Amino acid sequence: MAKGLDAQARQGYALIAPPFLYALLILAAPLLTILTYSFLTDGYLEVVRDFTLANYVQVWTDPIVRTVMMRSLTVSALVTLVTVLLAFPVAYYVSFMVRPEKKATWLFLITIPFWTSYLIRVFLWKVILGYNGVINSSLTGLGIIDEPLTFILYNVNSIVITLAHAYAPFAILPIFVALEKIDRSLLEAGRDLGESRAMTFWRVTLPLAMPGVLAAVLIVFIPTIGDYVTPELIGGGKIPMIANLIQVQMLALDNRPLGSALAVTAMAIVALVSVVFLFINRRFLKVRL
Amino acid sequence: MSETRYDRLDAATPMIECRGVHKHYGDYHALRGIDLTIRAGEFFSLLGPSGCGKTTLLRTIAGFEDISDGAILIDEKRMDEVPANKRPTNMVFQSYAIFPHLTVAQNVAFGLRRDPRGKAEKAALVEDALAMVGLRGYGNRAAHALSGGQRQRVALARALILKPKVLLLDEPLSALDRKMREQMQVELIKLQRQVGITFVLVTHDQEEALVMSDRIAVMFEGEIAQLDGPEALYARPANRRVADFIGVMNFLPARILGEKDGIVTAEAPGLGVVDLPARQVSRANPDDDGPTIGFRPETMTLVGPNQTHSQPRETNATIDEVVYYGDMTYYDLRLDGAAAMDGKARPVRISMRNVFGRDVQDVGTRTRLAWSPGSLVLFR
């Protein structure tokens with residue numbers, strides 16, 4: 001018996017070994033490099049191998065870094081909020097209202113935005129939101145506004161709109177899966193025990209969908225914090241987020257130790273926020289359906 | 001027949017009335033004019049094969065399905081416009097529908113949210129309800145840590161704590177193993193007597209319906225085929241289909257020889273000529289090809305060569321098959337003369353209790369069968 005298990009375990013390890021090595025190569029090795037760089041000294045165009053904490057001191061005291069980091073967190077939080085709030089009704093509709101044989105079609109439709117490159121989609125948003133873009137020229141053409149709207153491009157609003165659209169499928173799918181897993185007789189039980197549809201949603205559907213909502217929050221929040229393209233294009237480079245700052249340090253100023261310290265700091269903050277978020281919502285994760 | 005518990009229930013207080021209830025799903029006619037009155041305090045069963053409409057009927061009473069035509073009254077109030085959450089009914093679901101994100105106590109207290117009583121009082125109610133179903137002290141357990149039988153009990157406590165006028169049970173025992181099921185049957189009967197609430201049970205298990213119910217409605221294809229107490233249903237089925245569905249019944253083709261003063265004289269191959277009073281004569285299914293005489297396996301007795309018996313009739317037979325069940329033995333027999341009519345062999349099944357001193361007979365043995373015309377039913 002023990003021998004059989006060993007063979008099975010060996011087989012398992014053999015199976016995961018190639019992706020594990022690959023992950024080690026492309027994830028762990030660069031991470032370690034970044035971590036090492038962050039403790040070394042910048043020697044203009046080269047990295048001097050002297051241990052120092054100066055990079056972190058600079059990162060943690062620089063008011064610009066603080067502003068940009070706070071902006072990144074705010075934008076990500078806003079994007080997450082908007083995306084999840086908009087994704088939930090869509091997921092709910094597909095799970096509860098769409099006939100079972102049509103669900104696959106709906107999921108297929110939801111993934112259509114992925115057919116074009118992320119970059120092109122961001123550009124298209126620029127075309128839609130721009131000073132002479134689709135929205136402004138339509139509204140001026142219809143005589144609804146005299147001057148083009150300026151609050152929809154090159155600011156935080158436009159970044160939020162673009163990112164919320166880009167990440168919508170990532171939020172819809174986990175929520176949909178969680179809703180699909182809910183035994184429909186639980187909803188009837190809620191009604192049977194005297195609750196209205198709205199209260200049944202609040203007391204049964206929503207708590208049971210929470211694992212999906214939490215997954216959606218993390219899936220949207222974590223990558224948007226590090227988004228580089230959208231602030232660059234939609235924000236017009238005037239409202240950098242943390243990724244843009246890292247890019248400037250790493251490439252434009254060639255200060256790799258400082259860029260690395262920024263990257264490690266951003267990663268630590270994201271990890272901390274995620275862990276705290278999961279801890280606050282831990283009771284929703286214990287549910288077994 | 002003796003007075004049953006149903007007869008003692010107050011006939012003047014109908015709890016549920018279905019009047020000409022129809023339900024259509026598109027082209028499918030699920031309920032075809034159900035007329036039914038269930039009395040207050042009754043343990044009532046809807047029995048039938050899958051797809052007969054019994055669950056649909058239960059769900060229309062609960063308010064989960066609209067009816068296409070007719071009316072449903074609960075406690076003399078029309079339920080047409082009353083949504084499920086406002087009806088004086090509670091349901092035990094087939095899957096139990098225990099909320100997985102709540103503890104046992106939170107599940108049981110789910111329906112008490114709008115109850116004006118205080119927290120401590122509600123906690124005491126929950127503990128009482130759990131004690132009633134034999135789960136005292138289980139309140140803090142997580143719902144997913146419960147066994148099937150315990151989930152069933154939580155579902156019962158959760159419904160009964162609200163003191164509904166009617167408790168609806170949708171195949172509540174079908175997911176349990178045999179031992180557990182038999183135990184729960186007895187407990188449900190006791191519980192129903194204790195709380196005095198009208199129970200409506202949906203089941204496809206005829207034995208379960210017979211054990212538990214005061215009255216049973218047997219349903220086929222969206223219609224009630226027979227509504228009777230368990231004994232009447234078993235002894236005097238309204239037609240062959242009901243007879244076949246409830247327990248085992250042997251059928252022999254019959255010829256009607258005459259009818260006088262309500263007594264029908266009929267002849268069946270192997271049984272000879274019998275006089276049957278009106279109460280033993282049932283209306284057959286319209287699609288039947290002719291009159292049939294039926295009898296239950298336990299109403300006839302195998303008699304050994306030197307044994308005597310007190311039955312009025314006796315038939316010779318040959319044992320074709322013996323099936324031994326421990327407490328019972330089933331014999332498949334060929335009655336002498338059974339094939340006389342058209343040459344078809346018509347085996348009949350007889351059951352004998354394996355009491356001390358009675359040997360199990362061998363295949364091929366010639367034997368005598370003692371019986372009484374009083375145990376026959378004629379379907380015509």
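All values derive from a computational prediction rather than experimental measurement. Order of the sequence lines sets the chain letters (A, B, ...), proteins ahead of strands, with each chain counted from 1. Below, each value reflects all heavy atoms present in this structure, side chains not excepted, and no hydrogens, waters or symmetry copies.
Within a 6.0 Å sphere centred on CG of B:Asp66, other residues, nucleotides and ligands contribute 12 heavy atoms or fewer. More than 12 heavy atoms of other residues, nucleotides or ligands sit less than 6.0 Å from atom NZ of A:Lys103. Shown here is A:Arg184, whose CZ atom has more than 12 heavy atoms of other residues, nucleotides or ligands within 6.0 Å. The local environment of OH in B:Tyr25 is crowded, with over 12 non-hydrogen atoms from other residues, nucleotides or ligands closer than 6.0 Å.
Only the side chain of B:Phe64 comes within contact range of chain A, judged by heavy atoms closer than 4.5 Å. Neither the backbone nor the side chain of B:Ile161 comes within contact range of chain A, judged by heavy atoms closer than 4.5 Å. Residue contact with chain A, scored on non-hydrogen atoms closer than 4.5 Å, involves the backbone and the side chain of B:Phe99 alike.
B:Phe199 is linked by a ring-ring contact (aromatic ring centres under 6.0 Å, His included) to B:Phe43, counting only residues two or more places apart in sequence or in another chain.
The cationic group of A:Arg282 lies under 6.0 Å from the six-membered ring centre of A:Phe279 and within 45° of the ring axis, placing it in a cation-pi geometry.
Side-chain contact between B:Arg59 and A:Glu188 is present, with heavy atoms from C-beta onward closer than 4.5 Å.
Heavy-atom proximity under 4.5 angstrom to chain B picks out A:Ala189, A:Gly190, A:Arg191, A:Asp192, A:Leu193, A:Gly194, A:Glu195, A:Ser196, A:Met199 from residues 189-202 of chain A.
Taking the six-membered ring where tryptophan is involved, the planes of A:Phe114 and A:Phe170 are tilted, since the angle between them lies from 30° to 60°.
Note: B:Arg114 leads B:Arg114, B:Gln94, B:Lys86 in heavy-atom pairs under 4.5 Å with chain A.
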